[in-house]
Amino acid sequence: MAPEEGLTAWRVYLYAVSFIALIIAVFGAVNLIAVAIEVFVYPPPQPYPVPHYYPGLPGSVAQVVVGLIVWGYHWMLLKKEH
């Protein structure tokens, strides 16, 4: 039996989830770049040493990691379809 050609509901789902996951990963990467610029290019002046904490860092890393894993899995499923 030959595989179905055309756009099925399963393929639409796979493309949609892949696109959304990739967008989430891109937004996380942009936030990581913003944190890196804040850390390395324009660090805030400190009168005395204090531990640095960047509240956007954990969420940005999570967005990139989860977004890439979800995108990779769904993209792999799409490639198996073809």
Side-chain angles (χ1 to χ4, degrees):
M1 184 170 174
E4 287 185 43
E5 293 298 322
L7 203 58
T8 63
W10 176 244
R11 284 192 186 147
V12 170
Y13 163 78
L14 290 175
Y15 279 117
V17 171
S18 297
F19 178 72
I20 292 169
L22 193 58
I23 294 299
I24 289 172
V26 167
F27 281 141
V30 168
N31 290 335
L32 280 178
I33 291 169
V35 169
I37 288 173
E38 182 182 339
V39 170
F40 297 113
V41 178
Y42 299 112
Q46 298 291 332
Y48 52 89
V50 294
H52 295 286
Y53 175 69
Y54 301 98
L57 188 61
S60 299
V61 171
Q63 282 181 328
V64 170
V65 170
V66 172
L68 288 177
I69 289 172
V70 171
W71 173 79
Y73 176 74
H74 285 82
W75 197 252
M76 180 187 64
L77 290 176
L78 266 168
K79 292 301 171 189
K80 283 184 182 179
E81 290 279 321
H82 289 286

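In this chain, residues are counted from 1 in sequence order.
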Q) Can you tell me how far the CG atom of L7 sits from the OH atom of Y15, to the nearest 0.5 Å? A) 7.5 Å
Q) Do V39 and V61 belong to the same hydrophobic cluster, where Ile, Leu, Val, Met, Phe, Trp and Tyr are linked whenever their side-chain heavy atoms lie under 4.5 Å apart, directly or via other members? A) yes
Q: Could you tell me whether the side chain of V66 reaches within less than 4.5 Å of the side chain of I24, counting heavy atoms only?
A: no
Q. Quick one: CD1 on I20 to NE2 on H74, what's the gap to the nearest 0.5 Å?
A. 10.0 Å
**Q.** Considering all heavy atoms, the nearest L78-S18 contact
**A.** CD1-OG, 4.1 Å
Q) Does the side chain of V17 come within less than 4.5 Å of Y73's, by heavy atoms? A) no
Q. Y42 and V35: same hydrophobic cluster, using ILVMFWY side-chain contacts below 4.5 Å?
A. no
Q | Hphob cluster co-occupancy, V70 + W10, side-chain heavy atoms under 4.5 angstrom | A | yes
Q | Taking every non-hydrogen atom, the tightest pair across S60 and N31 | A | OG-CB, 2.9 Å
**Q.** Shared hydrophobic cluster, L14 / M76 (ILVMFWY, side-chain heavy atoms < 4.5 Å)
**A.** yes
(Q) Quick check: closest heavy atoms across A25 and V64, and the distance to 0.1 Å? (A) O-CG2, 3.7 Å
**Q.** Shortest non-hydrogen separation from G28 to Q63 and the atoms involved
**A.** CA-OE1, 3.1 Å
Q) If you look at every heavy atom in W71 and A21, which pair is closest and at what distance? A) N-CB, 3.6 Å
Q | Nearest-0.5 Å distance that lies between atom CG in L22 and atom CZ in F27 | A | 11.0 Å
Q. Honestly curious: do L32 and F40 fall in one hydrophobic cluster under the side-chain, below-4.5 Å linking rule?
A. yes
